[in-house]
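These notes are about the structure you will find just below.
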Amino acid sequence: MSTTAREAHLTIDPAFRVAPVRRRTFGTFVEHLGRCVYTGIHEPGHPSADEDGFRRDVLDLTRELGVSTVRYPGGNFVSGYRWEDGVGPRDRRPRRLDLAWHSTETNEIGVDEFVAWCRKAGVEPMMAVNLGTRGIAEAVDLLEYCNHPSGTALSDQRVANGAKEPHDIRMWCLGNEMDGFWQTGHKTAREYGRLANETARAMRMVDPNLELVACGSSGSSMPTFGAWEAEVLEHTYDVVDFVSCHAYYEEKDGDLGSFLACSTDMEYFIRSVVATADHVGAKLKSRKRIDISFDEWNIWYLSRHQAAEPPRDWPVAPPLLEDRYHLADAVAFGGLLITLLRNSDRVTAASLAQLVNVIAPIMTEPGGRAWRQTTFHPFAQASRYASGEVLRVEPVSPSYETAEYGEVPMLHAVATRAEDGGVTVFAVNRSTDGPLSLEIDARALGGVRVTGATTLTDVDVYARNTADDPDRVAPRANPDVEHDPLRVLLPPVSWNVIHLG
Ligand code: AHR
């Protein structure tokens with residue numbers, strides 16, 4: 001163990017329980033955008049394609065990633081989407097302009113194919129309805145088509161289209177980012193709140209057991225942030241279960257220190273939305289609690305996308321938003337995952353945006369290979385090893401000064417305790433200039449040892465995985481472990497998983 005490493009410390013005590021680990025924390029998102037659907041999950045001519053044209057290599061990676069739910073079909077796309085275009089015989093499905101991404105939508109894939117893909121992937125589908133260009137009637141029609149057993153025009157249409165059993169979709173988003181000026185059919189909080197309320201009430205008449213998500217803010221820096229949630233929830237409090245949060249982060253102007261601490265903003269975002277929701281609940285004298293669905297989060301080099309020209313000539317499935325992630329991105333990403341877990345008492349669902357090709361952990365070549373981006377690994381490890389209960393760990397570490405967030409601790413961490421008593425610590429070292437020697441006080445667990453430790457790091461913080469070098473950045477066994485006291489060396493700019501048992 002290095003003698004020059006800075007000291008850090010955390011405490012594991014089963015009494016420091018936050019909440020159960022929510023499987024839905026490990027949701028992702030498939031939008032009709034770029035190559036996410038076409039040549040992402042679906043590519044009939046691909047060597048690995050199954051009988052329905054789904055890429056088996058992507059299905060395998062989706063399972064390995066440990067995805068729980070998948071949100072569909074947008075995103076900005078949903079605000080101009082007509083779901084009817086995507087059902088029934090394929091040769092009669094219309095091609096349409098997709099205004100959100102300046103592309104042509106062929107409608108080769110629609111809700112029935114998406115649900116069939118979800119069954120194969122072993123994930124729960126989560127639908128969004130169009131409250132941009134459409135309204136209550138179309139949302140209720142889609143719900144009836146999907147979830148009503150049979151005996152009505154729409155449910156019999158689904159049966160005729162090959163889906164005898166109802167799709168039984170539980171979680172529904174009432175529109176997408178309706179606070180954003182870029183959204184087709186963008187609305188004020190009052191306009192949206194009223195529409196969301198009426199849509200939710202009608203949807204609950206069809207199926208009272210749905211779980212409904214009202215749109216919150218598209219980011220904590222939106223000018224209407226806070227006021228938006230308050231007004232929308234005043235209209236919808238009794239009829240929704242969740243309010244959404246969306247957040248994307250990128251390294252700006254070479255400021256790596258701030259970037260690695262971007263979970264500070266996510267933490268602020270979550271606390272503010274919880275406070276706002278609870279304030280509305282108190283005003284309404286309601287005992288009901290609204291949870292957060294953090295249904296878009298990721299690293300996204302949005303400024304590069306904004307600087308680029310939109311596609312010309314309305315292409316079909318053009319390469320869009322194909323960010324290639326490096327080690328530092330994966331470490332910042334791991335910090336966001338830790339924050340989601342730390343807030344599992346109120347963040348009870350989340351969707352990494354997105355799954356394949358579009359700001360995604362999985363990349364594909366059309367007709368060719370599929371590989372894991374650096375961000376694949378923290379997600380897959382957290383999904384695999386976080387189970388049972390989330391524990392606070394009271395981290396203590398040196399801090400550093402950032403331009404965006406002021407003083408931030410170098411160590412960011414959380415732990416989970418499985419039913420068999422095994423504890424897993426997830427920890428990020430944000431320091432760019434040295435390792436942290438992490439001492440773990442696990443006396444409350446009685447005589448445990450480190451049974452395994454991995455680290456995701458690289459001598460080059462900008463190292464990436466490519467189709468030719470797909471495992472350049474991957475978790476490796478961490479040899480720097482001591483048992484008395486428990487101590488693990490966390491390299492600079494690293495994501496770490498430590499098992500105690
Ligand atoms: O995930 C990419 C886009 O980001 C989504 O379509 C939109 O909801 C958000 O602005």
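Whatever order the structure lists ligands and atoms in, that order sets their numbers, starting from 1.
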> By side chain to side chain donor-acceptor pair (under 3.5 Å), which residues pair with E144, not counting sequence neighbours?
Replying inline: T152

>> Side chains of N176 and Y81: any donor to acceptor distance under 3.5 Å?
In response: no

>> Using modelled atom types and a 3.5 Å cut-off, is there a donor and acceptor pairing between side-chain atoms of R93 and backbone atoms of G88?
In response: yes

>> Less than 4.0 angstrom from a charged side-chain N to a carboxylate O is my criterion; do D241 and R170 meet it?
In response: no

>> Taking K252 first and then E250, would you say they form a salt bridge - that is, a charged N and a carboxylate O separated by under 4.0 Å?
In response: no

> So F54 and K120, side chain to side chain contact (heavy atoms under 4.5 Å, CB included) or not? Walk me through it.
Replying inline: CA-CA 9 Å; F54 295 124; K120 291 184 186 201; 4.0 Å; yes

>> Taking non-hydrogen atoms within less than 4.0 Å of ligand 1, which protein residues qualify?
In response: F29, E31, G75, N76, W101, N176, E177, Y248, E296, W300, Q354, I359

